[in-house]
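Chain identifiers are assigned alphabetically (A, B, ...) following the order of the sequence lines, protein sequences preceding nucleic acid strands; residue numbering begins at 1 within each chain.
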2 protein chains.
Amino acid sequence: METIPLRAASIGAQVHQQLRDAIVRTELKPGTALSEAEIAARYEISRQPVREAFIRLAQEYLVEIRPQRGTFVRRIVVSEVLDARFVREAIEVAVAREAASRADAAGIARLQSAVAAQGLARNNAEFLAADEAMHREIAVIAGREAAWRVVDQVKAQMDRMRYLSYQDVSPTDRLISQHRSIVEAIAAHDAERAEAAVREHMADILQQLPQLAQRYPEMFEGA
Amino acid sequence: METIPLRAASIGAQVHQQLRDAIVRTELKPGTALSEAEIAARYEISRQPVREAFIRLAQEYLVEIRPQRGTFVRRIVVSEVLDARFVREAIEVAVAREAASRADAAGIARLQSAVAAQGLARNNAEFLAADEAMHREIAVIAGREAAWRVVDQVKAQMDRMRYLSYQDVSPTDRLISQHRSIVEAIAAHDAERAEAAVREHMADILQQLPQLAQRYPEMFEGA
DNA sequence: TCTTCTATACTACCATACAAGTACCGATTG
DNA sequence: CAATCGGTACTTGTATGGTAGTATAGAAGA
């Protein structure tokens, strides 16, 4: 048995990953100017890998490259967040329905423990991680991990908004109880109820959007 | 009134666009080896923009970059085509329902003429272009152009398969009549019927997939 | 004949240098 | 004082050279 060396990812890919995380968690605030040279200096690498990371990020709508001017973390656009929710809801509803019809005992157990883990999260970031893990698990059960990849990309815009509410004002209890409803519906192999539960959940996630847009106007696009 | 200069896209972006088209139309066949140097020479540019185009294509799952080995047009994977269809159906159903509830007279007229145009297509490529135009128009009517961008990216895998059937064996008549059903449902503001029509349509699009996989085994992945 | 080694010709990756465009600050001029 | 011009310090875009890893063909050896 040979251990596959697990090729180290290219520098460009690593930089992309790190910047992406920082942007999604709003450690890099919307509107911030990035610079190939500055980041290259910080990591002690050349500009080229950084540039390639920027290209990847631009394709994900996380930064905007303005030629000869600069590269900027894109501001949050309310309409884009709503569009992301629309797409995510459409996909996740379909995924949840399939999960409801295909879930076995082991999968249901994994879902239940995933929900339980959410109650233990002690801050917003931990909760969001547990949240994401559960949604992904539903996709796995449905045999639609590929669909999750699409959701994962689309929901980045939503996540930026959610990370802004770092105070635990967010009603995590309500979200958890919604998660519980979804899991129960899947466990009962009830596609209709699963769909309804997912839709209700999606409607709630963006509850704070208007307040946040008002509170951090410099991070949002428009007037 | 000043004419905006319309900045020329960077070379890298242009190369990306051209290669993407060629791949989706299967002019560049699945499995083909690409080469930074070779393409750079053909366009008489340097390797760097070509490399950046490769990175963009890799992120769209159209090519696979194998470090120090080469870059290859990804072979068509049947399961990925089916996954693409799943995601596309989920989104387009939601879009069609919204279109049904919001369509006005002008939009309906545009849809009807789009369907009419499909009957005039004289080859597979023309038909597919008209097909795409109509689906996009539905998204416009629904006010969900952003959702269409996601569909557009996901459906590239499906399109490669469809372009393979360049002989007019494909039952375009049937597809057109399905399109007509979708338009009628939207015109009647009947979301339920629109959803059903879209689902039926999506089921039909991949009808030829098994035959194509058997006919062009070198373009498909797996045994 | 079959296997193994070696030279060679690729590949993508990274660093560096240069080019071209933009923003801004300050001096100069009306 | 206001407006304009010009230099400077940025920015991203492109070209090129060098590096390390991979595949392959052919020679040498068993």
CD of A:Q17 to CZ of A:R20, rounded to nearest 0.5 Å, is 7.0 Å
Distance col, row A:R160:CZ vs A:K155:NZ, nearest 0.5 angstrom, shows 13.0 Å
note: A:E44, atom CD; C:dA15, atom C1'; distance rounded to Å ~ 14 Å
A:I55 atom CD1 is separated from D:dG13 atom P, nearest whole Å, by 7 Å
A:R85 (side chain) donor-acceptor with A:M202 (main chain) under 3.5 angstrom: yes
Worksheet item: Closer than 4.0 Å, any side-chain N/O of B:S46 to the OP1 or OP2 of D:dT14?
Response: no
Self-check item: Salt bridge flag under 4.0 Å for residues B:E218 and B:K29
Solution: no
Whole-Å distance, A:I39 CD1 to C:dC14 C1', equals 17 Å
TODO: For atom OH of B:Y61, decide whether the heavy atoms of other residues, nucleotides or ligands shown that lie under 6.0 angstrom number more than 12.
DONE: no
With B for base contact, S for sugar-phosphate-only contact and - for none (protein heavy atoms under 4.0 Å), nucleotides 5-12 of chain C reads ------BB
Whole-Å distance, B:Q48 CD to D:dG13 P, equals 12 Å
Residues 134-158 of chain B vs ring-ring contact (aromatic ring centres under 6.0 Å, His included), sequence neighbours excluded, gives B:H135-B:H179, B:H135-B:H201
